[in-house]
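What follows is a single structure, written as structure tokens, with notes after it.
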Amino acid sequence: MMVPIAAGGGPIGVLLLGRHQRPQPFDADDMWLAEQLTFQAAETIGSTRRRARDHTTTVTLQRSLLPQTLPDQQALDVATRYLPAGDRLGGVGGDWFDVIPLSGTRVAVVVGDVVGHGMRASATMGRLRTAVRTLADVDLPPDELLTHLDDLVLHLSADEGPAGVAEGGAGIGTTCLYAVYDPTSQRLSLARAGHPPPAVVAPGGAVRFLDAPPGPPLGLGGLPFETYETELAEGSLIALYTDGLLEIRDHDIDDALDRLFSTLARPADELDTVCDRVLTSMLTHRPDDDIALLIARTRALEADRIATCELDCAPTAVAQARHLATGQLHAWHLDEAAFVTELVVSELVTNAIRYGRPPIHLRLIHTGHTLICEVFDSSNTSPHLRRARLFDEGGRGLLLVGQLTQRWGTRHTAIGKTVWAEQFLTASG
């Protein structure tokens, strides 16, 4: 007796039955039993196929939402790893990482962990990663960025309703760590929302956790986040990770921390080697939870690549700033960039004198490939790009800056703002 096996609207096989010692033909009861067997087999095979297809789709979505390549930047050497969870907990989840270049040669690194597994967790991760990039582009401090991200999670949970919250799709309970490193001052500032603290390895091999205030997970609302700052020696290692790295079966947390510290303390020239060593020492089997790992080595910008001066809050300071800028460019052998730099410095300093408040500082940063002009004043009023009308006497300066440079923007601090402009240098420069 041959009975077809069908699943998903089409045949997937045939069940062949025969008798060995009884020559009687199959009757209706035998046929009914065979149909029941093939029905159960088809349900099991179809369910397995759907799970495999859903897992593949989720993994593809997760990997497409993670950075495909790391951006070029001057502050950190970075290596990353991502390992999806095993099938026991429903497949991959929402662990993620990112590297975001900021103004003034700074760079932001972020690691997050969305609650839950499956398609909804991956989709939520993509929304939060996009939000972090948008907020980072505004140059918000780490604590303010997490506050805005917390508000976003609350709005997402309200939009999805109780069902979405119950499935973990709204992101409530998500943990995140956002850190900014400045190679000009070698200072690291970070804030974390319920996320494990980063580990730092000094150039001599000493390993420690940064004692940053933990903060609540995202989506709780109403609780503040705090920014932690520290200075790191050039060549220090920073290890950011999600909690799946420490939640290993058959090992308690102390044993996991000892393994992590001893592995990070071993010297290695390549950061990819450090990542592989960490995963090899921490994992004895397929992880039960997603693991995102980011290892960064700090760089420092040489002091002779930075020029800073304080300017008088008077119209005569514009000429002084131009003279200082051209002199510094000559010392850096960047005379070809002098014309554009003079125009940019004139406009930024003029705006600071007219609309800002003293003190006013001019800073030039030569990274090798780019030249950055920064003007700081103690006013929080931001300049805005607009198109001047035909008979307007002003309003064209920032438009000119935007046309002559590759990027420009405003970075606010607790006591003022910095308006910056970045221009690419030619090969001859």
Side-chain angles (χ1 to χ4, degrees), residues 73 75-76 100-110 131-152 176-193 195 197-198 210-216 218 221-232 238 298 300-301 306-313 317 321 348-365 372-385 398 407-422:
Q73 40 82 30
L76 297 171
I100 309 170
L102 302 176
S103 63
T105 70
R106 300 169 305 131
V107 65
V109 288
V110 56
V132 169
R133 278 191 160 266
T134 302
L135 295 170
D137 192 53
V138 189
D139 261 325
L140 292 177
D143 57 336
E144 292 186 25
L145 184 141
L146 290 184
T147 300
H148 285 283
L149 200 62
D150 184 55
D151 291 337
L152 173 65
C176 183
L177 188 151
Y178 180 83
V180 176
Y181 176 71
D182 186 349
T184 63
S185 62
Q186 298 177 238
R187 294 194 65 81
L188 178 74
S189 60
L190 65 95
R192 58 192 183 107
H195 202 83
L210 293 183
D211 190 21
L218 299 175
L223 298 175
F225 301 97
E226 298 182 49
T227 296
Y228 171 86
E229 292 191 4
T230 186
E231 186 171 340
L232 300 178
I238 310 170
T298 62
L301 197 63
I306 306 170
T308 306
C309 66
E310 183 172 351
L311 302 173
D312 297 329
C313 191
L348 299 186
V349 173
T350 299
N351 278 351
I353 293 172
R354 284 183 177 178
Y355 309 112
R357 292 197 302 264
I360 299 175
H361 298 277
L362 170 66
R363 184 168 75 157
L364 301 177
I365 304 175
I372 303 171
C373 302
E374 297 183 341
V375 176
F376 167 85
D377 72 87
S378 59
S379 170
N380 287 317
T381 304
S382 298
H384 296 283
L385 183 66
L398 286 180
R407 299 192 306 157
W408 76 276
T410 304
R411 180 172 70 248
H412 288 274
T413 64
I415 57 174
K417 69 176 183 299
T418 297
V419 184
W420 57 270
E422 179 179 335

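Numbers here simply count residues along the sequence, with the first being 1.
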| Side-chain (Ser379) to main-chain (Arg357) donor-acceptor, under 3.5 angstrom | no

| Leu223, CG atom: more than 12 neighbouring heavy atoms under 6.0 Å | yes

| field | Test item: Arg187 side-chain N/O and Asp182 main-chain N/O as donor-acceptor pair under 3.5 Å | value | no

| field | Heavy-atom side-chain contact between Pro213 and Phe225 under 4.5 Å | value | no

| task | Check whether any side-chain heavy atom of His412 sits under 4.5 Å from a side-chain heavy atom of Glu144, and report yes or no. | result | no

| field | Heavy-atom pair with the smallest gap, counting every atom of Ser189 and Glu229 | value | CB-CG, 3.6 Å

| Just wondering, do Val132 and Ile100 contact through their side chains at under 4.5 Å, heavy atoms? | yes

| task | Using the side-chain contact (heavy atoms from CB on, under 4.5 Å) rule, take Leu145 and Val110 through it: C-alpha gap first, then chi angles, then the decisive distance, then the call. | result | CA-CA 11 Å; Leu145 184 141; Val110 56; over 6 Å; no

| query | So, do Arg363 and Phe376 sit near enough that their side-chain heavy atoms are less than 4.5 Å apart? | reply | no

| query | Can you name the nearest heavy-atom pair linking Gly416 to Asn380, along with the distance? | reply | O-OD1, 3.4 Å

| message | Quick check: closest heavy atoms across Pro197 and Leu210, and the distance to 0.1 Å? | response | CB-O, 3.5 Å

| Stepwise, does the side-chain contact (heavy atoms from CB on, under 4.5 Å) test hold for Leu149 with Leu152? | CA-CA 5 Å; Leu149 200 62; Leu152 173 65; 4.2 Å; yes

| message | Other residues, nucleotides and ligands only: do more than 12 of their heavy atoms fall within 6.0 Å of CD on Glu226? | response | no

| task | Write down the atom of Ala75, the atom of Thr105, and the distance for their closest heavy-atom approach. | result | CB-O, 3.5 Å

| request: Using a 4.5 Å cut-off on heavy atoms from C-beta on, say whether the side chain of Asp377 contacts that of Tyr355. | output: no

| request: Return yes if some donor-acceptor pair links the side-chain N/O of Glu374 with the main-chain N/O of Trp420 below 3.5 Å, else return no. | output: no

| N/O donor-acceptor pair under 3.5 Å between Ser378 side chain and Pro358 backbone | yes

| field | Minimal non-hydrogen separation, Val349 against Ala321, with atom names | value | CG2-CB, 3.9 Å

| CG/Leu76 to OG1/Thr298 distance, rounded to the nearest 0.5 angstrom? | 7.0 Å

| Spacing of OG1 belonging to Thr230 relative to OH belonging to Tyr181, to within rounding of 0.5 Å | 11.0 Å

| Roughly how far, to the nearest 0.5 Å, is SG of Cys176 from CG of Leu218? | 6.0 Å

| Between CG of Leu146 and CZ of Arg192, what distance do you get to the nearest 0.5 Å? | 11.0 Å

| Spacing of CD1 belonging to Ile306 relative to CG belonging to Leu301, to within rounding of 0.5 Å | 4.5 Å

| task | Measure the CD1-CG distance between Ile353 and Leu348 for me, rounded to the nearest 0.5 Å. | result | 11.5 Å

| query | If we only count heavy atoms from C-beta on, is the Ile238 to Leu232 side-chain gap below 4.5 Å? | reply | yes

| task | For residues Pro142 and Leu190, report the shortest heavy-atom separation together with the two atoms involved. | result | CB-C, 3.9 Å

